Amino acid sequence: MNMEQAKQDLMKLQEQMSAYDHAMGLISYDGETTAPKGTAANRAHALGILSEITYKISTGKETVELLEYLDAHQQDLSDREKRMVYLLIKDIRFMQKIPMEEYVEYQKLIVESQDVWYNAKLNSDFASFEPYLEKMFDYQKRFAQYAAPDMDPYDYWLNEYEAGLCKEKLDAFFGALRQRLVPLIQACGQKPQVSDDCIKGDFPEDKQEALALWLMDTMGLDRQHVGLSTTEHPFTTSLGSHLDERITTHYHRDDVSSSMFSVVHEGGHALYDTGSDEDLAYTVLDGGVSMGIHESQSRFYENILARSKAFVRFLFPKLQNLFPEQMKPYTWQDLYRAVNRVQPSLIRTEADEVTYSLHVMIRYELEKRVMAGEMTVHELPEAWNKLYHESLGVTVPDDRQGVLQDSHWSFGAIGYFPSYALGSAYGAQFLKKMRETVDVDADLEKGDFTRINQWNREHIWHFGSLLTPQEILDRTLEAPFDPNVYLDYLESKCKDVYGI
């Protein structure tokens with residue numbers, strides 16, 4: 001084997017894996033969006049066969065020899081090639097430790113589990129989903145033990161979603177948030193409640209879809225490469241490369257803000273992925289580096305930008321145009337206060353900025369307990385309801401609005417949830433740095449995202465997965481990560497809205 005041929009084979013390997021990822025991703029996306037609900041078994045069959053093929057390619061003799069050769073000759077590799085080899089070897093070492101039969105069965109389980117979760121949520125029937133969720137947690141524990149037998153299983157998965165993350169760091173992070181968020185929520189609750197009447201009512205879905213497409217255009221999303229569909233739980237996925245991105249939303253006729261902000265949230269993910277350098281397409285460096293950095297972008301666009309006073313002033317005339325009767329009694333100030341109302345609630349995806357992290361903390365505590373064997377899956381609904389009452393003061397009426405509301409556990413995303421709170425805090429510090437060179441408010445008042453997107457592309461997006469999350473933070477912030485910047489931001493907004 002010579003170096004020139006090895007480098008060519010490295011690119012071919014990544015292109016091949018990208019093609020399989022595209023096919024498998026498209027099958028999963030179809031199942032979440034337009035596929036008839038009785039087709040789960042067919043998709044599971046197809047994904048089982050494809051996952052066996054990708055397993056054999058990843059762990060096969062030729063692949064292992066190629067990557068070990070490149071790893072042994074790092075002095076002849078560029079920084080990009082070194083990073084590619086590192087990420088590929090990392091994935092292969094994981095796959096080598098997982099028995100192929102278990103890996104294939106797990107891929108089938110994901111399809112079946114998501115299908116069962118969907119119906120369980122609709123019927124508020126946790127019992128039907130419980131055996132699938134038990135298997136999901138069992139797989140995550142077992143896979144973590146295979147991969148890193150000397151490591152705490154939950155720490156293993158936290159680190160997979162955000163390199164360097166562990167329970168010790170998250171306990172300190174959430175502790176800092178709770179210390180200032182709880183009194184802030186209480187202070188807002190002691191003030192006269194802000195009305196959200198202007199975003200409640202009857203908002204036809206076709207007009208909401210028109211708003212969604214307008215928001216995508218306004219944000220700077222290229223709809224030649226970013227599609228929009230509807231699903232039970234909004235998500236974003238890349239199909240093979242950043243050249244094919246899909247986002248989804250869910251229209252609630254009685255609340256225009258739900259889809260509006262989910263589109264901007266998922267649009268933030270899509271901006272990040274599609275912002276990768278063109279020459280990273282079909283490689284392991286294509287797309288975002290971690291879920292913490294990813295959520296920093298989605299939460300940044302959804303909350304810091306879209307709920308800002310400047311953007312709401314720009315947005316309000318569009319709502320008046322689409323929903324003239326509904327918006328007739330209101331002003332842009334009414335809308336600003338409504339979308340920044342602080343009110344403990346049941347649903348994480350519709351929570352306000354201030355209470356949002358408490359929703360994430362609850363999921364973190366539950367995952368931590370189940371992964372540690374301190375609680376069974378059967379006990380999750382009761383524990384969920386208890387923590388919601390203790391932390392947010394709300395009573396959960398049913399499992400649909402409780403333990404079944406999120407789709408993440410149905411596809412094994414255990415350890416993902418903390419990324420939402422972490423990303424929110426990253427985003428506030430990105431804003432502080434961005435303001436040094438970009439007049440963010442002036443641009444948002446015009447609905448002009450050009451300079452905002454350019455700043456994010458220069459500092460975050462274009463690297464794809466070339467840099468680690470910590471390298472992104474160090475280069476961009478030029479200061480240590482500090483969650484107090486996020487808390488200062490939230491307190492400032494509450495003072496503006498509630499006068500506290």
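Positions are given from 1 along the sequence. Please read these numbers as outputs of a predicted model, since none were measured by experiment.
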Problem set entry | Main-chain N/O of Ser410 paired with Ser113 side-chain donor or acceptor, under 3.5 Å | yes

Problem set entry | Verdict with supporting geometry, Asp496 and Lys309, salt bridge (charged side-chain N to carboxylate O under 4.0 Å, His left out) | CA-CA 10 Å; Asp496 186 33; Lys309 185 175 291 186; 3.2 Å; yes

For this session: For this output row, return yes or no: ring centroids of Phe481 and Tyr426 closer than 6.0 angstrom.
Result: yes

Problem set entry | side-chain contact (heavy atoms from CB on, under 4.5 Å) partners for Tyr118, two or more places apart | Lys37, Leu122, Glu232

For this session: Compute whether any side-chain donor of one residue and acceptor of the other, for Asp273 and His294, lie under 3.5 angstrom apart.
Result: yes

Exercise. Does Arg299 count as lying over the ring of Tyr420, i.e. NZ or CZ under 6.0 Å from the six-ring centre, within 45 degrees of the axis?
Worked result: no

Exercise. Given side chains that start at C-beta, do those of Ser128 and Asn119 come closer than 4.5 Å, heavy atoms only?
Worked result: no

Exercise. Distance only, no hydrogens: is a donor on one side chain within 3.5 Å (strictly under) of an acceptor on the other, for Asp406 and Tyr416?
Worked result: no

For this session: Any pair with a residue in residues 335-361 that passes ring pair (Phe, Tyr, Trp, His ring centres under 6.0 Å), sequence neighbours left out, goes on the list, sorted by first then second residue, please.
Result: His359-Tyr388

Exercise. Does the distance from a Lys or Arg side-chain N to an Asp or Glu carboxylate O, for Glu471 and Arg475, drop under 4.0 Å?
Worked result: no

Exercise. Is Glu374 atom CD crowded by more than 12 heavy atoms from other residues, nucleotides or ligands, each under 6.0 Å away?
Worked result: yes

Problem set entry | Distance-only donor-acceptor check, side chains Asp398 and Gln401, under 3.5 Å | yes

Problem set entry | Heavy-atom donor-acceptor pair, Ser492 side chain to Tyr489 backbone, under 3.5 Å | no

For this session: Decide if atom NE2 of His462 counts as having more than 12 heavy atoms of other residues, nucleotides or ligands within a radius under 6.0 Å.
Result: yes

Run the side-chain donor-acceptor check on residues 210-219: report pairs under 3.5 Å with partners two or more places apart or on a different chain.
| residue | atom | partner | partner atom | Å |
| --- | --- | --- | --- | --- |
| Asp217 | OD1 | Arg223 | NE | 2.9 |
| Asp217 | OD2 | Arg223 | NH2 | 3.0 |
| Thr218 | OG1 | Trp214 | O | 2.8 |

Problem set entry | Check: Leu346 main-chain N/O paired with Gln405 side-chain donor or acceptor under 3.5 Å | yes

For this session: Determine yes or no for a side-chain-to-main-chain donor-acceptor pair under 3.5 angstrom, with Gln429 supplying the side chain and Asp482 the backbone.
Result: yes

Exercise. Can you tell me if NE2 on His378 sees more than 12 non-hydrogen neighbours from other groups inside 6.0 Å?
Worked result: no

Exercise. Taking the six-membered ring where the residue is Trp, are the ring centres of His408 and Phe417 under 6.0 Å apart?
Worked result: yes

Exercise. In terms of side-chain heavy atoms, does Thr331 have a donor or acceptor partner in Gln333 at a distance below 3.5 Å?
Worked result: yes

Problem set entry | Contacts of His459 that satisfy side-chain hydrogen bond (donor to acceptor under 3.5 Å, both in side chains) - sequence neighbours left out | none

Exercise. Counting distance only, does the side-chain N/O of Ser257 pair as donor-acceptor with the main-chain N or O of Ile199 below 3.5 Å?
Worked result: no

Exercise. Using 4.0 Å as the upper bound for N to carboxylate O, is an ion pair formed by Arg337 and Asp334?
Worked result: yes

Problem set entry | Test: Arg435 and Asp441 ion pair at under 4.0 Å | yes

Exercise. Does Ser259 offer a backbone N or O that forms a donor-acceptor pair with the side chain of Gln208 under 3.5 Å?
Worked result: no

Exercise. How about Thr355 and Asp352: does a side-chain donor come under 3.5 Å of a side-chain acceptor?
Worked result: yes

Exercise. Would you say the side-chain atoms of Tyr364 and Asp171 include a donor-acceptor pair closer than 3.5 Å?
Worked result: yes

Problem set entry | Under 3.5 Å side-chain donor-acceptor pair for Ser229 and Thr248 | no

Exercise. Does the Asp399 side chain pair with the main chain of Gly402, one donor and one acceptor, at a distance under 3.5 Å?
Worked result: no

For this session: Check whether more than 12 heavy atoms from other residues, nucleotides or ligands sit under 6.0 Å from atom NZ of Lys135, and answer yes or no.
Result: no

Exercise. Counting only N and O atoms by type, is there a donor-acceptor contact under 3.5 Å from the side chain of Asn159 to the main-chain atoms of Gly164?
Worked result: yes

For this session: Ignoring hydrogens and angles, state whether a donor on the side chain of Trp409 or Glu367 is under 3.5 Å from an acceptor on the partner side chain.
Result: yes

Exercise. Partners of Arg180 by side-chain hydrogen bond (donor to acceptor under 3.5 Å, both in side chains), sequence neighbours excluded?
Worked result: Asn484, Asp488, Glu491

For this session: Find out whether Glu365 and Phe174 are in side-chain contact, i.e. whether some heavy atom of one side chain is under 4.5 Å from a heavy atom of the other.
Result: no

Problem set entry | Stepwise side chain to side chain contact (heavy atoms under 4.5 Å, CB included) check, Val289 with Tyr272 | CA-CA 10 Å; Val289 66; Tyr272 183 16; 3.6 Å; yes

Exercise. Do we see a donor-acceptor contact under 3.5 Å between the side chains of His242 and Glu278?
Worked result: yes

Exercise. Got Phe126 and Leu133 here, is their nearest side-chain heavy-atom distance under 4.5 Å?
Worked result: yes

For this session: Could you verify whether a donor N or O on one side chain and an acceptor N or O on the other, from Ser238 and Glu245, lie under 3.5 Å apart?
Result: yes

Exercise. Who are the salt bridge (Lys or Arg N to Asp or Glu O under 4.0 Å) partners of Arg313, not counting sequence neighbours?
Worked result: Glu445

Exercise. Quick one: does Ser290's side chain have a donor or acceptor within less than 3.5 Å of a partner on Ile293's backbone?
Worked result: yes

Exercise. Hey, does the side chain of Asp255 reach the backbone of Gly201 with a donor-acceptor pair shorter than 3.5 angstrom?
Worked result: no

Exercise. Which is it for His269 and Ile247 under the side chain to side chain contact (heavy atoms under 4.5 Å, CB included) test, yes or no, and what are the steps along the way?
Worked result: CA-CA 9 Å; His269 283 304; Ile247 69 173; 6.0 Å; no

Exercise. Which of these passes side-chain contact (heavy atoms from CB on, under 4.5 Å) with Arg451: Asn456, Val440, Asp443?
Worked result: Asp443

Problem set entry | Sole candidate of Arg341, Lys493, Arg307 that passes salt bridge (charged side-chain N to carboxylate O under 4.0 Å, His left out) when paired with Glu353 | Lys493

Exercise. Just by distance, with hydrogens left out, do Tyr301 and Asn453 show a side-chain donor and acceptor under 3.5 Å apart?
Worked result: yes

Problem set entry | Cation over ring face, Arg253 and Phe203, 6.0 Å, 45° | no

